[in-house]
There are 2 protein chains.
Amino acid sequence: MDIDTRLLRYFVAVAEEGNLTHAARRLFVSQPALTKQIKQLETQLGTALFTRSRSGMTLTEPGRALAERAPALLAGWDQILRETKAAASRAARVLRVGFVASGANEATQPIVAEFSRRRPGWRAQMRQASWANPSAGLSDGEADVALVRLPFPGQDTLRVTPLFTEPRCVALAAAHPLATRDVIPFRDLWDEPFVAAPAESGPWRDYWLAADEREGHPVRIGAVTDQPDDWLNAIANGYGIALAPESAARFYARPGVVYRPVTGVSPSRAAVAWTPADDDNPVVRDFANCCLEVGSSGCTVAL
Amino acid sequence: MDIDTRLLRYFVAVAEEGNLTHAARRLFVSQPALTKQIKQLETQLGTALFTRSRSGMTLTEPGRALAERAPALLAGWDQILRETKAAASRAARVLRVGFVASGANEATQPIVAEFSRRRPGWRAQMRQASWANPSAGLSDGEADVALVRLPFPGQDTLRVTPLFTEPRCVALAAAHPLATRDVIPFRDLWDEPFVAAPAESGPWRDYWLAADEREGHPVRIGAVTDQPDDWLNAIANGYGIALAPESAARFYARPGVVYRPVTGVSPSRAAVAWTPADDDNPVVRDFANCCLEVGSSGCTVAL
DNA sequence: CGATGTCCATGCCGCCAGGTTATGGAGGCG
DNA sequence: CGCCTCCATAACCTGGCGGCATGGACATCG
């Protein structure tokens with residue numbers, strides 16, 4: 001009997017939620033669609049997987065048997081997918097470089113140029129990741145190497161080489177009262193609403209809210225964004241302010257948004273990262289070396 | 001990205017055959033359908049999996065990566081399917097009893113009756129297996145316990161308890177010259193064409209061709225069948241003759257087919273079998289005990 | 001050199017599975 | 001008693017999959 005992984009994901013979602021309606025919302029499908037799919041799965045297997053009641057869907061015994069194994073199968077497929085895509089990019093002589101906005105900013109172009117020089121025939125394919133994914137696609141296998149900002153969740157399982165540090169500044173609406181100040185002590189920003197990254201990004205989000213430099217003072221969240229354009233809009237609209245690397249002032253200049261130096265927050269560290277599985281991958285090593293070289297020459301100037 | 005296991009099976013088939021046309025035949029689909037499916041898989045993955053040429057389809061590097069892992073994934077799904085179905089039958093208090101035609105013949109009904117007595121509330125669901133599958137569904141998880149004839153392929157990995165032995169006779173067309181004889185020495189049948197089981201059944205097929213009792217004399221195959229009705233038709237039509245357990249004379253009597261005793265072939269051994277995983281399954285053990293009890297009383301009379 | 005055979009690709013069509021919206025029915029709850 | 005929650009059903013639409021027929025490229029052979 002054949003099955004679509006989509007159907008399995010549907011099943012797992014319903015099993016986890018114990019509720020068709022919630023699972024449907026989580027899966028971005030309508031509830032009747034889920035009803036039909038689950039029913040069809042039960043028909044194909046010739047057994048009931050759930051017992052229905054007004055309070056939701058409870059797994060039956062065979063349902064539990066399936067629910068125990070299905071996640072591993074889905075993970076297995078994801079893994080295969082990652083490996084196949086990695087092989088595809090290798091075969092096409094493409095290095096997939098993930099980066100989060102502000103990853104290396106000015107350094108990015110020289111790094112790619114140096115890489116092209118050192119690896120003729122290869123192409124660095126830049127892939128911007130959302131802030132919901134601050135490993136820039138490394139942890140989900142969408143990138144071979146990544147330009148990131150530390151700290152980020154999952155960095156312990158990856159190889160991380162620091163490149164340079166850079167002071168953090170604050171981005172605020174041009175109309176903001178503090179926008180006229182030349183330098184702002186971070187303490188003066190404690191009560192300001194902040195434009196934050198999505199919750200999934202964990203320590204990364206906390207770092208850009210400077211949670212450690214607030215001496216316990218709580219954070220006010222004015223908006224949540226996961227990409228630069230939303231972020232700039234939110235700031236320009238006055239939904240909140242945000243910390244950013246100094247280079248953002250040049251890289252993400254925009255009418256209505258001003259950047260001001262801040263005292264009392266640690267500088268941001270940029271790094272290049274890759275998977276342990278790629279420790280012996282000469283192309284990845286070359287890219288990392290390009291990063292180090294450029295970081296120690298051109299970029300210090302930019303700072 | 002989601003995928004249907006059917007699509008993966010298609011891919012694996014093409015990878016193994018190295019040829020769309022042959023793979024299509026093996027999968028019982030048309031060649032254009034396969035062409036489209038493979039092309040779609042490549043589109044979804046964003047990479048070529050095969051290089052096409054007049055001589056067929058050769059795996060690319062990413063194709064090889066996928067082809068290495070896909071079979072394990074498919075096997076994993078099959079395994080999950082087996083376990084889920086097993087759980088389903090357990091939950092429904094159904095014991096799935098596989099049998100090959102002639103499995104236990106007369107003994108079958110008393111066994112089931114005894115099982116119903118010993119396990120009220122449970123139901124023995126009989127499932128006849130084709131001769132292409134002489135473990136009667138045990139090895140593919142479609143049965144919890146099986147009534148079989150020894151030897152059969154894969155029996156070493158299963159628990160097998162012999163029940164009784166029974167002489168083998170020969171089934172031939174009523175019009176066959178030898179049909180008038182009372183008892184036939186097997187040697188007289190060496191040059192007759194035989195109606196055989198499919199090749200997959202390996203040692204089982206050989207046993208019913210009495211390969212060991214021919215002193216090296218080659219077998220002539222007149223027809224290949226995988227179920228009793230085809231088998232009886234083939235014999236009645238004179239395509240060949242075949243060995244069968246004595247009880248087949250009563251169980252598979254049919255106009256145009258006669259059964260005669262044969263000397264010089266070993267008797268057939270009937271057995272009950274189950275999976276090692278079910279060693280501790282009390283229902284399976286009960287069924288096996290029912291088989292032993294009935295085999296040692298009622299069936300000896302039948303013989 | 002043309003005939004033939006073997007590959008894979010393409011075009012066209014019918015059908016079904018999966019999705020959506022709207023609605024119904026059955027219980028819990030304030 | 002009205003309302004909310006949750007699952008099931010109905011009606012409808014669309015896209016994907018499969019089938020057949022056919023085309024195009026190339027090798028082989030008489």
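Per chain, numbering begins at 1; letters A, B, ... match sequence-line order.
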Does any N or O in the side chain of [X] come within less than 3.5 Å of the main-chain N or O of [Y], such that one atom is a donor and the other an acceptor?
X: A:Ser53; Y: A:Ser55; result: yes
X: B:Thr60; Y: B:Leu49; result: yes
X: A:Asp4; Y: A:Arg6; result: yes

Measure [atom1]/[X] against [atom2]/[N] and give the value in whole Å, please.
X: A:Leu34; N: D:dT9; atom1: CG; atom2: P; result: 15 Å
X: A:Glu42; N: D:dA8; atom1: CD; atom2: C1'; result: 13 Å
X: A:Ile38; N: D:dC6; atom1: CD1; atom2: P; result: 16 Å
X: A:Leu27; N: C:dG18; atom1: CG; atom2: P; result: 15 Å

Does D:dC20 have its OP1 or OP2 closer than 4.0 Å to a side-chain nitrogen or oxygen of B:Ser30?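 False: B:Ser30 side-chain N/O out of range (4.0 Å or more) of D:dC20 OP1/OP2.
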
Base versus backbone protein contacts along nucleotides 4-17 of chain C [heavy-atom cut-off under 4.0 Å; B, S, -]: ---SBBB-B-----

Atom of A:Trp204, atom of A:Ala197 and distance for their closest heavy-atom approach: CZ3-CB, 3.9 Å

May I ask you to say what B:Tyr10 touches in the nucleic acid, namely base, sugar-phosphate or nothing, with a heavy-atom cut-off under 4.0 Å? sugar-phosphate

A:Phe99 vs A:Val148 side-chain heavy atoms within contact, under 4.5 Å: no

Please name all residues satisfying salt bridge (Lys or Arg N to Asp or Glu O under 4.0 Å) with A:Arg64, sequence neighbours left out, ordered by chain then number. A:Glu61

